[in-house]
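The structure appears right after this line, and notes come after that.
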Number of protein chains: 2
Amino acid sequence: MVSIADVARDAGVSSSTVSYVLSGKRSISPETRRRVEDSVRRLGYHPHAGARALASSRTNVLGLVMPLRPDIDVPVLMGFVTSVVTSARRYQHDVLLVTNDEGPEGLRRVANSATADALLVMDVETADPRVPVLHSLPCPAVLVGLPDDPGSLSCVDLDFSAAARRCVEHLAELGHERIALVGPSPAVYERGTSFADRFLDGFTTAARQRNTHAVSSPCPPSYEGVCACLDRIFAERPEPTGLVVHNEAVLGTLLSELRGRGRRVPEDVSVVAVGPGETTANWPVPLTTVPLPSDEIGRTAVEMTMRELEGTASAEVRLLSPRLVPGRSTAPPPPTVS
Amino acid sequence: MVSIADVARDAGVSSSTVSYVLSGKRSISPETRRRVEDSVRRLGYHPHAGARALASSRTNVLGLVMPLRPDIDVPVLMGFVTSVVTSARRYQHDVLLVTNDEGPEGLRRVANSATADALLVMDVETADPRVPVLHSLPCPAVLVGLPDDPGSLSCVDLDFSAAARRCVEHLAELGHERIALVGPSPAVYERGTSFADRFLDGFTTAARQRNTHAVSSPCPPSYEGVCACLDRIFAERPEPTGLVVHNEAVLGTLLSELRGRGRRVPEDVSVVAVGPGETTANWPVPLTTVPLPSDEIGRTAVEMTMRELEGTASAEVRLLSPRLVPGRSTAPPPPTVS
DNA sequence: TTGAAAGCGTTACCAT
DNA sequence: ATGGTAACGCTTTCAA
């Protein structure tokens, strides 16, 4: 292994000088800098991460806490992960995957063993048991999501309440007076997932304000689940004419089942989907969508983390404003049978 | 931070004894062991990862090299990732995410800076440019996939060639004489993705051996792509009666489009899908499936890595045998119009 | 069965 | 603008 001493010898300087050239923490004569950088390149020197962590108490690693549940929205999750990783690299940081199956002890281990400098936590619940644990750790933590009581932890998320409002308003403006929400799987609600609750709240409230009749129905990720969910919704009288789908996983099945039931989109039913950006494209009718910007959320989470590590900022809750991207899946409701 | 010296003091032993209690590398009297373990628990001691890495030249971290392409199969990828992470934890290892956008230099950085002990590489291509780089690194690497020339690197993957054969045989045994492959996106073929090639090979060869007429058609992940793909397939005369879908992303769209074209599954067309296990469930007709066992592949990759790190095994190529899980989407072909 | 002490490769403080 | 050197917290060899 090539060490800092090798580089120092090769460049004819002391190892501390090499260290300073690399960190930029003190001024170096152009000539020295050049020689050192040459040697670094020529020898293929890479500082030993462990040694560096030991001496500087900084690992340059971010711990990303990932849910392992079967009922999560996989594309959204992957969107976060890639966004976090690429953003972290911009700040010279690597990303370590931490799963939840070690429980709180896993978080303590990673933080207390100086394996990571900070923790990013995904899939946050309303009353998330990890919140108190995170407060007790010697490192900053940023939540992707919004628990009831974040205390002094930073949070980033889409403003799901506003997103729901946006969907309702869009349908209401088109003239829909009876709408329905196809929600996430019951399991997601049962564990009090933060975003699901906030979306449902926003949906219900906005509908009330608009004097729009609204029903909502969780939807399990199976063909039978989708059918049952649609049965429930279309049992309403008169039938809802607008659907808000907050469940990426069943979208395909749902659209296909609507067609199977002889309901055309958007002639008979309007559909707004909330989900990853790609959601729009794959269907016969391009969908009206409120994109879930996992990219921006991940990037923001990393940036907030970096500010906290630098000490240039402290905890903060940031809710990103939703956009509605019009497609051809929403239109005015069919004329009422008189 | 609580260090090994703190524990040693608290337990009334030397720090080397604490180290040995923790590593189990030499025998310790029961009494001493108890006292040390007590102190560890009471003080909440976690060994400093960097210090440990520095002293032992082992980081207990696995680098997982992840593709960032938009055209990968996300659920499959996530399956690997979770499988790798949970398997690694069984061996006391953490997983660091490495993306490809740093290029080969990223691999060198992670390996040469002693950030990870080994590399697991996903999304391997036929002539993968990373293979020579991996050979030059001071740490073992395991490929998920099978390049043309793996040299001395370990590989794990589903035997895609056998998987295709299995699909063809299943359809042939039911009596289908004309079949078609709905393949991955053209982009996947263009970059010479290992599994896509091997599947196509197996498909073509098996069909020839069975005297079955076969066409294959890559399928871009969009509604138009699916339509074009089906147009091409059903332009054959007589029309194919069996479809093998090796493209998880378009499955929903494809099934819905088949229905839209008035083709019933399995009465008019039989469908076999290759993909993650969940693939089966979400459709009106439970699909006949050849599962892609990301779980087993990930676990195997980790185990092979561990063996190599221990030095108890060397490079090896392991191709897992496919299973075919019968559903209700395959049946004998409709009687020929005479 | 245990302890002392020499590294491991950096960083950062104290000099000059 | 640069060099010397004491930490950093652990593992492991050597000694007892």
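Under the rule for a side-chain contact (heavy atoms from CB on, under 4.5 Å), the partners of A:Q92 that lie at least two apart in sequence or sit in another chain are A:N60. Looking at residues two or more places apart in sequence or on another chain, you find a salt bridge (Lys or Arg N to Asp or Glu O under 4.0 Å) between A:R34 and A:E31, A:D38. For B:S57, there are no side-chain contact (heavy atoms from CB on, under 4.5 Å) partners at least two apart in sequence or on another chain. Residues passing the side-chain contact (heavy atoms from CB on, under 4.5 Å) test with B:A127, sequence neighbours excluded: none. Applying the side-chain hydrogen bond (donor to acceptor under 3.5 Å, both in side chains) rule to B:S19 yields no partners; only residues at least two apart in sequence or on another chain are considered. B:T126 is linked by a side-chain contact (heavy atoms from CB on, under 4.5 Å) to B:D148, B:D197, counting only residues two or more places apart in sequence or in another chain.
DNA chain C is contacted by B:S27, B:I28, B:S29, B:T32 of residues 27-36 of chain B, taking any non-hydrogen atom closer than 4.0 Å.
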Below 3.5 Å, can you tabulate the donor-acceptor pairs from side chains in residues 302-310 of chain B to any protein atom, sequence neighbours excluded?
from, atom 1, to, atom 2, distance (Å)
B:T305, OG1, B:A301, O, 2.7
B:E308, OE2, B:S154, OG, 2.5
B:E310, OE1, B:T312, OG1, 2.9

Could you pull out all donor-acceptor pairs under 3.5 Å where a side-chain atom in residues 131-146 of chain B meets a protein atom, sequence neighbours excluded?
from, atom 1, to, atom 2, distance (Å)
B:H135, ND1, B:V131, O, 3.2
B:H135, NE2, B:S152, N, 3.0
B:H135, NE2, B:S152, OG, 3.2
B:S136, OG, B:V133, O, 2.7

Contact state string [nucleotides 9-16 of chain D, B base, S sugar-phosphate only, - no protein heavy atom under 4.0 Å]: BBBBBB--
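Residue pairs meeting the side-chain hydrogen bond (donor to acceptor under 3.5 Å, both in side chains) criterion with at least one member in residues 106-116 of chain A, sequence neighbours excluded, are A:E102-A:R109, A:E105-A:R108, A:R109-B:D94, A:S113-A:T115.
Between A:R198 and A:S194, the side chains place a donor N or O and an acceptor N or O closer than 3.5 Å (distance only, hydrogens not considered).
Nucleotides of DNA chain C with any atom under 4.0 Å from a heavy atom of chain A span, from 5' to 3', C:dG9 to C:dC14.
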